[in-house]
Amino acid sequence: MSTKYHKLKVKQVVRETPDTISIYFKQPFFSKIRYKPGQFLTLLVPINGQVERRSYSMSSCPHTEDELCVTVKRVANGKVSNYLNDHLKPGQELEVMEPMGNFHLDLHPVQRHVVLIGAGSGITPLMSIAKAVLRMESTSIVSLLYGNRSEDSIIFKEILDKLQKQFSGRFQVLHILSRPSHTWTGYRGRLSQSLATKLLNELPKLNVHKMDYYLCGPQGMMEEMQATLLAMQVPAEKIHKESFVTAQATATTKPETEAVSNSVVKTEEVTLRYDGSVYKIKVSPNKTILEAGLDSGLDLPYSCQSGLCTACRGKCLSGKVKMDEEDGLSPQEIKEGFVLPCVSHPLTSDVVIEIG
Ligand SMILES: Cc1cc2nc3c(=O)[nH]c(=O)nc-3n(C[C@H](O)[C@H](O)[C@H](O)COP(=O)(O)OP(=O)(O)OC[C@H]3O[C@@H](n4cnc5c(N)ncnc54)[C@H](O)[C@@H]3O)c2cc1C
Ligand code: FES
């Protein structure tokens with residue numbers, strides 16, 4: 001199966017906060033893009049003659065909104081997030097890859113409580129999930145714990161206020177600000193284990209099987225929230241997480257990846273099956289399988305190049321590969337033999353990967 005690309009026209013660019021915009025795309029007239037709440041689009045953004053790929057979760061609700069919307073927050077010195085915030089204009093066209101991602105919500109016919117925990121730009125997929133549950137599951141309830149720095153950095157503040165009024169009794173938002181103004185009357189401080197435990201204990205309780213938890217935000221916050229939930233006896237399979245950045249990227253000193261430092265990795269030939277063709281590529285120890293494929297001129301699908309987004313996903317049909325990072329794949333996918341070529345190195349000479 002090949003990855004489909006679409007050309008989308010920017011309908012509107014809305015400034016949400018001083019450092020965040022929402023980009024509304026017109027749906028293609030003929031083949032509408034389908035996605036699930038929580039999934040992301042990969043944007044191909046031409047900057048200075050080079051095409052950069054970045055993933056952005058959709059903040060729109062696929063069930064009730066006609067347009068597709070992604071929300072982009074500036075990252076300090078970030079190439080694409082700053083370019084989009086500064087230069088993107090309505091009418092411009094951008095190429096995007098088919099929506100993807102394992103962090104998604106399937107609608108449920110029975111009442112449940114969906115608890116969303118996020119910080120900063122992590123609100124984006126949570127917003128799509130919240131709108132889907134509130135509008136499509138008439139008896140389910142949604143709670144959102146949302147951490148930010150100050151009042152003016154809260155993305156979607158007005159929309160969240162409106163939704164709370166519209167779905168009063170079914171939607172509750174708890175804002176936690178680390179550096180609020182002196183007039184702030186909400187929660188103050190970091191979204192720590194102790195504060196989260198207190199807030200979560202005050203939320204309406206349903207049977208454990210009727211509770212679902214979705215976490216998205218900085219790596220450290222998600223690890224702390226996951227530990228909090230596990231300590232509260234929430235089953236691990238009820239906790240869903242999305243990472244926008246690898247732990248390695250946020251670490252002050254980058255550890256050498258295990259695969260590269262591991263002497264068993266040597267140059268091997270790898271067979272890639274993609275889009276009905278078979279390609280053989282040589283992969284040296286200092287390259288990933290994706291990098292070697294791109295260097296050979298193959299038009300392979302990819303986005304984050306750090307094992308998070310699954311855009312490059314393939315199934316290992318034979319041989320053994322070593323992945324530097326597995327967080328993007330579910331335990332079930334790993335069991336079924338799926339691999340992420342952007343962080344994979346061949347360990348044997350008979351590796352065959354079917355991409356897509
Ligand atoms: C599945 C997925 C969904 C995503 N959804 C969103 C979204 O909805 N909204 C959104 O704003 N971003 C989202 N991102 C992050 C986005 O893809 C880019 O990584 C981000 O915009 C930075 O790109 P850049 O080109 O500006 O920075 P780059 O030039 O690529 O990086 C600059 C520096 O910033 C670091 N960095 C990269 N991303 C982050 C980050 N998110 N936080 C802190 N440091 C970072 C890098 O390690 C690097 O050191 C998502 C990422 C993934 C994998
Ligand atoms: S390109 Fe994102 S996981 Fe490989």
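Atoms within a ligand are numbered from 1 in the order they appear, just like the ligands themselves. Just so it is clear, the model here is predicted, and its values are computed rather than measured.
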Item to check | Glu16 to Thr71 - nearest heavy-atom pair and separation | outcome: CG-CG2, 4.5 Å
Item to check | Ser57 and Thr124: side chain donor to acceptor below 3.5 Å | outcome: no
Checklist entry - When rounded to the nearest 0.5 angstrom, what is the spacing between OG1 in Thr64 and CZ in Arg135? => result 4.0 Å
Checklist entry - Say you draw a straight line from CZ of Arg112 to NZ of Lys210; how long is it, rounded to the nearest 0.5 Å? => result 11.5 Å
Item to check | NZ or CZ of Lys238 within 45° of Tyr213 ring axis and under 6.0 Å | outcome: no
Checklist entry - Is the closest N or O pair between Cys304 and ligand 1 shorter than 3.5 Å? => result no
Next on the checklist: Looking at ligand 2, would Gly328 count as a contact under a 4.0 Å heavy-atom criterion?
Outcome noted: no
Checklist entry - Which is closest to atom 53 (C) of ligand 1 by heavy-atom distance: Ser243, Gly101, Gly78? => result Ser243
Checklist entry - Does Cys312 put an N, O or S atom under 2.8 Å from atom 2 (Fe) of ligand 2? => result no
Checklist entry - For ligand 1, is any non-hydrogen atom under 4.0 Å from Val80's backbone (N, CA, C, O), its side chain (CB onward), both, or neither? => result both
Checklist entry - Taking the six-membered ring of Tyr302, is the NZ or CZ of Arg53 close enough (under 6.0 Å from the centre) and on axis enough (within 45°)? => result yes
Checklist entry - Which residue from Tyr83, Tyr56, Phe244 reaches closest to atom 18 (C) of ligand 1 through any of its heavy atoms? => result Tyr56
Checklist entry - Can Val72 be said to touch ligand 1, with heavy atoms closer than 4.0 Å? => result yes
Item to check | Best match, Glu52, Arg54, Met58: closest heavy atom to atom 30 (O) of ligand 1 | outcome: Arg54
Checklist entry - Of the choices Thr71, Thr42, Ile155, which has the non-hydrogen atom that lies closest to atom 9 (N) of ligand 1? => result Thr71
Item to check | Lys73: numbered ligand 1 atoms lying under 4.0 Å from its heavy atoms | outcome: 11 (O)
Next on the checklist: Are His240 and Tyr214, when compared by the centres of their aromatic rings, separated by less than 6.0 Å?
Outcome noted: yes
Next on the checklist: Please list, in number order, the atoms of ligand 1 under 4.0 Å from a heavy atom of Thr124.
Outcome noted: 8 (O)
Item to check | Min N/O separation Asn82 to ligand 1 under 3.5 Å | outcome: no
Next on the checklist: Quick check for you: to the nearest 0.5 Å, what is the distance between Arg313 atom CZ and Phe338 atom CZ?
Outcome noted: 4.0 Å
Item to check | Heteroatom test (N, O or S) for Cys304 near atom 4 (Fe) of ligand 2, limit 2.8 Å | outcome: no
Next on the checklist: Can you tell me which portion of Glu242 lies within the under-4.0 Å heavy-atom range of ligand 1? Options are side chain, backbone, both, or neither.
Outcome noted: side chain
Checklist entry - Is the side chain of Arg15 donor-acceptor paired with the backbone N or O of Pro18 at a distance under 3.5 Å, no angle test? => result yes
Checklist entry - Which of the atoms in ligand 2, numbered in the order shown and given with their element, are less than 4.0 Å from a heavy-atom of Thr310? => result 2 (Fe), 3 (S)
